[in-house]
Amino acid sequence: MNILRITGLVATAQARLATITLKAPLMQAARLLSRPQIDLVVVCHPDGTIAGVVSKTDVVKQIGHCAGSACQTLACALMTAEPVCCEPQDQVSDVLALMERHSLVHLPVLDETRRPIGVVAARDALQLLVREGEYEESLVRQYVMGAGYH
């Protein structure tokens, strides 16, 4: 049996990657999150390693407390520090199980130095598994119906 790894999704994951620095204003994250395919912004330390993530939900919650575009909040103040992540060599089925366990639909993909190289979406991982015929339709349906949106 062919073991599918996240490396099979790296090109798609790279297209979903958006990064900001720790000192970036929340509005910069909001602008990135308004782009197609961007559902998670990775916040990075000055050395390029991951510090946390900001989701659309994080931005929406904060904008309600700010004066809209005049919001001066830094993205790092709202980020999820120490987010759940995966690596290219991880098995797709293991990453999907991890996402399900944490009710996530997007995960940063990190290289060996903890620098982000992409963001994998559950939908893309499921499509890869379906294409490769590793999951029965009923298992995929069960996952999709149980996945949360963050």
Side-chain angles (χ1 to χ4, degrees), residues 1-22 24 26-45 47-65 73-150:
M1 180 191 332
N2 182 23
I3 296 175
L4 296 175
R5 303 206 180 270
I6 294 299
T7 52
L9 294 169
V10 167
T12 303
Q14 287 173 336
R16 293 185 183 283
L17 180 62
T19 62
I20 57 175
T21 66
L22 283 167
L26 182 61
M27 294 311 295
Q28 183 178 354
R31 280 190 292 279
L32 289 169
L33 288 165
S34 70
R35 294 181 182 171
Q37 291 194 333
I38 305 297
D39 295 296
L40 192 71
V41 173
V42 180
V43 182
C44 295
H45 292 288
D47 67 359
T49 59
I50 190 168
V53 295
V54 176
S55 70
K56 288 181 179 182
T57 303
D58 297 330
V59 172
V60 169
K61 284 179 185 175
Q62 183 61 27
I63 294 300
H65 300 290
T73 303
L74 294 180
C76 66
L78 299 174
M79 74 180 184
T80 300
E82 300 181 27
V84 177
C85 301
C86 66
E87 297 179 351
Q89 67 274 14
D90 292 342
Q91 291 184 32
V92 172
S93 57
D94 291 344
V95 170
L96 281 169
L98 182 66
M99 292 170 100
E100 184 177 19
R101 218 173 20 257
H102 293 277
S103 298
L104 300 170
V105 292
H106 298 92
L107 281 185
V109 181
L110 306 180
D111 68 12
E112 62 279 350
T113 63
R114 300 214 25 95
R115 287 179 173 79
I117 59 171
V119 172
V120 68
R123 178 183 302 149
D124 298 330
L126 287 167
Q127 287 174 345
L128 178 62
L129 289 174
V130 169
R131 276 196 311 269
E132 296 297 323
E134 284 198 19
Y135 270 24
E136 296 177 22
E137 183 179 336
S138 62
L139 293 176
V140 172
R141 188 180 327 255
Q142 287 172 5
Y143 178 82
V144 171
M145 298 305 286
Y149 290 93
H150 290 281

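Counting begins at 1 with the first residue of the sequence.
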Going by the rule salt bridge (charged side-chain N to carboxylate O under 4.0 Å, His left out), which residues pair with D124 if we only count those two or more places apart in sequence or in a different chain? R16
How long is the straight-line distance from [atom2] of [Y] back to [atom1] of [X], given to the nearest 0.5 Å?
X	Y	atom1	atom2	result
D90	T7	CG	OG1	10.0 Å
L33	M27	CG	CE	10.5 Å
Q91	I3	CD	CD1	4.5 Å
L98	L107	CG	CG	5.5 Å
L74	M79	CG	CE	10.5 Å
I38	L17	CD1	CG	7.0 Å

Who pairs with [X] by side-chain contact (heavy atoms from CB on, under 4.5 Å), at least two apart in sequence or on another chain?
X	result
R114	T49, I50, L110
L78	L26, Q62, T73
V60	none

4.5 Å side-chain heavy-atom contact, [X] and [Y]:
X	Y	value
P88	V109	yes
V42	V119	yes
V105	R123	no

Compare every heavy atom of [Y] with every heavy atom of [X], then report the nearest pair and how far apart it is.
X	Y	result
A75	V54	O-CG2, 3.8 Å
A121	M99	C-CE, 4.1 Å
A51	P83	O-CD, 4.5 Å
Q14	I117	CG-O, 3.1 Å

Going by the rule side chain to side chain donor-acceptor pair (under 3.5 Å), which residues pair with T113 if we only count those two or more places apart in sequence or in a different chain? D111, R115
Who are the side chain to side chain donor-acceptor pair (under 3.5 Å) partners of E87, not counting sequence neighbours? Q89
Walk me through it: do Q28 and T21 pass the test side-chain contact (heavy atoms from CB on, under 4.5 Å)? CA-CA 10 Å; Q28 183 178 354; T21 66; 5.7 Å; no
Can you name the one residue among L9, V120, D94, L96 that meets side-chain contact (heavy atoms from CB on, under 4.5 Å) with C86? V120
